[in-house]
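Below you'll find the structure, written out as structure tokens, and then a few comments.
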Protein chains: 2
Amino acid sequence: MNVTDAFGVVLKKYRKLANLSQEQLALQCNLDRTYIGMLERGQRQPTITTLFTIADTLSIEPNKLVKEIEALL
Amino acid sequence: MNVTDAFGVVLKKYRKLANLSQEQLALQCNLDRTYIGMLERGQRQPTITTLFTIADTLSIEPNKLVKEIEALL
DNA sequence: CACTTAAGATGACTATAGTCTGTCGAAAGA
DNA sequence: TCTTTCGACAGACTATAGTCATCTTAAGTG
């Protein structure tokens, strides 16, 4: 599995845990609804600041998200 | 301090620790020499796969790099 | 059934990641 | 002085992150 796909999997998992729709998450992150969807489907990869923004919104430390990605590779 | 600048600081620190020039690191990462410089100066921010590639080349876990960035924010 | 919400998907767009070529100055060695 | 190595920096470029409008489908819900 590649980094982009792994990020999508982890993102979806934590969004669901936070009980948010893609749209709700997008609003809280100041990102676009369709972009969140593309991230989850592995069709886009985030920059590092986007990673931090999303992690922040999901109340999880960025390094923990990254660690989970590493575990999927 | 923002995420982009913090990444630059951390990158430079670990590149020096690995005793590599920007050009040597760039070659090993398959990235451009000037781009490594821009990252270190906070003029560009990496995507997540670039983060993983660089961490890999520097023999450090991506989540550790990220943790250091968090500490600088 | 109609109505709503969530998400997949696409095409066109703007902003920026990442490349390439080259110049410059500082430091260090021959 | 001459050369090499390193890094800052600039400009022009290509690839892709991220936006926006819109349509479609699936799963509830009354």
Side-chain angles (χ1 to χ4, degrees), chain A residues 1-60 62-63 65-66 68-70 72-73, chain B residues 1-66 68-70 72-73:
Chain A
M1 186 171 229
N2 66 40
V3 174
T4 307
D5 287 335
F7 176 78
V9 170
V10 173
L11 169 56
K12 187 164 191 168
K13 168 182 168 185
Y14 281 99
R15 177 179 62 80
K16 294 281 190 188
L17 275 178
N19 215 27
L20 295 172
S21 69
Q22 291 179 351
E23 186 161 19
Q24 288 169 332
L25 176 61
L27 282 171
Q28 292 189 38
C29 294
N30 280 317
L31 291 171
D32 196 81
R33 172 180 76 79
T34 64
Y35 177 57
I36 298 293
M38 293 175 105
L39 285 176
E40 289 189 357
R41 280 174 267 134
Q43 294 175 0
R44 288 284 193 282
Q45 58 166 329
T47 58
I48 198 173
T49 63
T50 300
L51 168 72
F52 271 67
T53 301
I54 291 175
D56 201 47
T57 299
L58 293 175
S59 302
I60 180 169
N63 75 80
L65 277 189
V66 169
E68 292 218 25
I69 294 165
E70 290 171 39
L72 290 180
L73 301 181
Chain B
M1 184 170 232
N2 65 40
V3 174
T4 306
D5 287 334
F7 177 79
V9 170
V10 173
L11 169 56
K12 187 166 191 167
K13 168 182 167 185
Y14 281 99
R15 176 178 62 80
K16 294 279 190 190
L17 275 177
N19 215 25
L20 295 173
S21 69
Q22 292 179 350
E23 186 161 19
Q24 288 170 331
L25 176 60
L27 283 170
Q28 291 190 38
C29 294
N30 279 317
L31 291 171
D32 195 82
R33 168 179 75 80
T34 65
Y35 177 57
I36 298 294
M38 293 174 104
L39 285 175
E40 289 190 357
R41 279 174 270 133
Q43 294 176 0
R44 288 284 193 283
Q45 57 165 329
T47 57
I48 199 175
T49 62
T50 300
L51 168 72
F52 271 67
T53 301
I54 291 175
D56 201 47
T57 298
L58 292 175
S59 301
I60 180 171
E61 291 177 11
N63 75 81
K64 299 227 158 136
L65 277 189
V66 169
E68 292 217 25
I69 294 166
E70 291 171 38
L72 291 179
L73 300 182

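The sequence lines fix the lettering, A, B, ..., with proteins before strands; numbering per chain opens at 1. What you see is a predicted model; the values in this text were computed from it and never measured.
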Query raised in the report: Side-chain contact, heavy-atom cut-off 4.5 Å: A:Phe7 with A:Val66?
Result: no
Query raised in the report: Of all of residues 14-38 of chain A, which get a heavy atom below 4.0 angstrom from DNA chain C, listed by number?
Result: A:Arg15, A:Lys16, A:Ser21, A:Gln22, A:Arg33, A:Thr34
Report task. For residues B:Ile69 and A:Phe52, determine if any side-chain heavy atom of one lies less than 4.5 Å from a side-chain heavy atom of the other. Result -> yes
Query raised in the report: Once you round it to whole Å, what is the distance between P of D:dG7 and CD of B:Gln43?
Result: 15 Å
Query raised in the report: Just checking, is any N or O donor in the side chain of A:Gln28 or A:Thr57 under 3.5 Å from an acceptor N or O on the other one?
Result: no
Query - Contacting residues from residues 45-53 of chain A, given that a heavy atom lies under 4.0 angstrom of DNA chain D - result: A:Gln45, A:Pro46, A:Thr47, A:Thr50
Report task. Step by step, work out the side-chain hydrogen bond (donor to acceptor under 3.5 Å, both in side chains) result for A:Thr53 and A:Thr50. Result -> CA-CA 5 Å; A:Thr53 301; A:Thr50 300; 5.7 Å; no
Report task. Any chance you could list the contact pattern along nucleotides 25-30 of chain C? Use B for base contacts, S for sugar-phosphate-only contacts and - for none, protein heavy atoms under 4.0 Å, 5' to 3'. Result -> ------
Requested in this report: Could you check how far CZ of A:Arg44 sits from P of C:dA15, rounded to whole Å?
Outcome: 16 Å
Pairs of donor and acceptor atoms involving the side chains of residues 30-38 of chain A, under 3.5 Å and at least two apart or interchain, shall be tabulated with distances.
from    : atom 1 : to      : atom 2 : distance (Å)
A:Asp32 : OD2    : A:Thr34 : N      : 3.0
A:Asp32 : OD2    : A:Thr34 : OG1    : 2.7

Query - Length of the line joining A:Glu40:CD and C:dA7:P, which is rounded to integer Å - result: 7 Å
**Report entry** Any donor-acceptor N/O pair, B:Gln45 side chain to B:Leu39 backbone, under 3.5 Å
**Finding:** no
Report summary line: Which of B:Lys13, B:Lys16, B:Arg15 passes salt bridge (charged side-chain N to carboxylate O under 4.0 Å, His left out) with B:Glu40? It is B:Arg15
Report summary line: Contacts satisfying salt bridge (charged side-chain N to carboxylate O under 4.0 Å, His left out) that involve residues 41-58 of chain B (not counting sequence neighbours) are none
**Report entry** Whole-Å distance separating the NZ atom of B:Lys12 from the P atom of D:dC6
**Finding:** 14 Å
Query raised in the report: Taking side chain as C-beta onward, heavy atoms only, is B:Leu73 less than 4.5 Å from B:Val3?
Result: yes
Query raised in the report: What pairs with A:Lys12 under salt bridge (Lys or Arg N to Asp or Glu O under 4.0 Å), at least two apart in sequence or on another chain?
Result: none
